[in-house]
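The structure appears below as structure tokens.
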Amino acid sequence: MTNPQAVAPLLLAWYDRHRRALPWRALPGTTADPYRVWLSEVMLQQTTVAAVKPRFEAWVARWPDFASLAAADDADVMATWAGLGYYARARNLVAAAKAVVADHGGAFPTDEATLRTLPGLGAYTAAAVAAIAFGRRAVVVDANVERVVARLFAIRDPLPGARVAIRAATDRVTPDARAGDFAQAMMDLGSGICTPRAPSCLLCPLNAECAGYRQGAPERLPAKATKKAKPRRYGTIFWVQRGDDVLLVRRPDKGLLGGMRALPTGPWVEVAPALDGAPVDAEWAMRNVAVSHGFTHFDIELTLAVAMGQAHHAVDGEWWPIADLDRAGLPTLFAKAAAAILRRDA
DNA sequence: TATACGTGGAA
DNA sequence: TTTCCAAGTAT
């Protein structure tokens, strides 16, 4: 049987030897900067460490603290986030920074419940910040912890139903002291040892306590409910060129790619919509190469429609220099389309 | 509880 | 090529 009391000492001893050095992590024995801890946690939501590292460095160089971020230009923030995905995170980052300045005297709240009231801080992030930045005991459960704990206690119920039991078990193994190190140790273990496929159980500091390992096939845990098939949609992207400029629009704040600069598109529907939703009247030239892109809940194929060198008046949007398109902050979907056009292979 | 919400890397 | 999935949150 797994002894809950044995887990934290084993894991923390392992962490002291094997912890990863990450830009947002304090050196051992020093205090982490709450701003950096929070920013890193938000960037890391559903996003890999490798993708976050360079973005984190660039962000803190530009906006090093709550005050600077609270005063940031919204379009700059969204463009700086471009390519990271889940764009509501960027909008919520600014909103939370404003709330810290306006409602909390410029100091980040230190308790989980108050942190939870800030936009973009859910159960996981509030607990992680309370533990990592402020040393509070908090039950920190992310996908790594779910996997480690499901295996440690051989919890066989499938997610998401198993979350209640997993959280209770995590509570039982979380220590009063070093709660932040414990949370990060669980995540390092999940990332490097207790991996989704082919976990390195022989190297695991918890293997003697692990019911999943003892029972065999720990890689099968946690079980997950079967997911539905992703639908496929079709749409048209409009490339409207006037001299050396191209027409960009800003997408509505709510919804997919909300608030992001973008190329104009028509509706995204079950069958190819041709020129529905064109931003101007023009002689459109349809390109042969489609842009394919996968979102979390659907795949899409987009046809490119091009209008060049025609007079376009009273257009709602910005004329953006094509040579500076890299700086427009386009989401990946539109960056792909622009690249296809500019390669002239479309 | 279920669904919307991005992206890129690994296998 | 396809599938999985990564430090989740909001509604």
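Proteins get letters first, then strands, A, B, ... in listed order; numbering begins at 1 in each.
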- [ ] Provide the full list of ring-ring contact (aromatic ring centres under 6.0 Å, His included) pairs with a residue in residues 201-259 of chain A, sequence neighbours left out, each pair given once.
- [x] Phe238(A)-Trp284(A)

Task: DNA chain B-proximal residues of residues 184-205 of chain A, any heavy atom under 4.0 Å - done: none

Task: Pairing residues for Phe108(A) by the ring pair (Phe, Tyr, Trp, His ring centres under 6.0 Å) criterion, not counting sequence neighbours - done: Trp38(A), Phe66(A)

Task: Residues touching DNA chain B, which here means a heavy atom under 4.0 Å, drawn from residues 111-142 of chain A - done: none

- [ ] Of all the heavy-atom pairs spanning Arg55(A) and Met43(A), show the shortest one and how long it is.
- [x] O-CE, 3.7 Å

- [ ] Specify the closest pair of heavy atoms between Ala162(A) and Ile155(A), including all atoms of both residues, with the distance to one decimal.
- [x] CB-CG2, 4.2 Å

- [ ] Would you indicate what Lys228(A) reaches in the nucleic acid, counting non-hydrogen atoms under 4.0 angstrom: base, sugar-phosphate, or nothing?
- [x] sugar-phosphate

Task: For the student: nearest non-hydrogen atoms of Ala305(A) and Leu275(A), plus distance - done: CB-CD2, 3.9 Å

Task: Residue-level proximity of residues 37-50 of chain A to DNA chain B when a heavy atom falls under 4.0 Å - done: Gln46(A), Thr47(A)

Task: Donor-acceptor pair between Lys336(A) and His293(A) side chains, under 3.5 angstrom - done: yes

- [ ] For Ala143(A), report the nucleic acid contact type (base, sugar-phosphate, nothing); a contact means any heavy atom under 4.0 Å.
- [x] sugar-phosphate

Open item on the list: For the backbone of Asp74(A) and the side chain of Arg91(A), can you confirm whether one donor and one acceptor N or O come within less than 3.5 Å of each other?
Closed with: no

Task: Range on DNA chain B touched by chain A, heavy atoms, distance below 4.0 Å - done: dT3(B) to dG8(B)

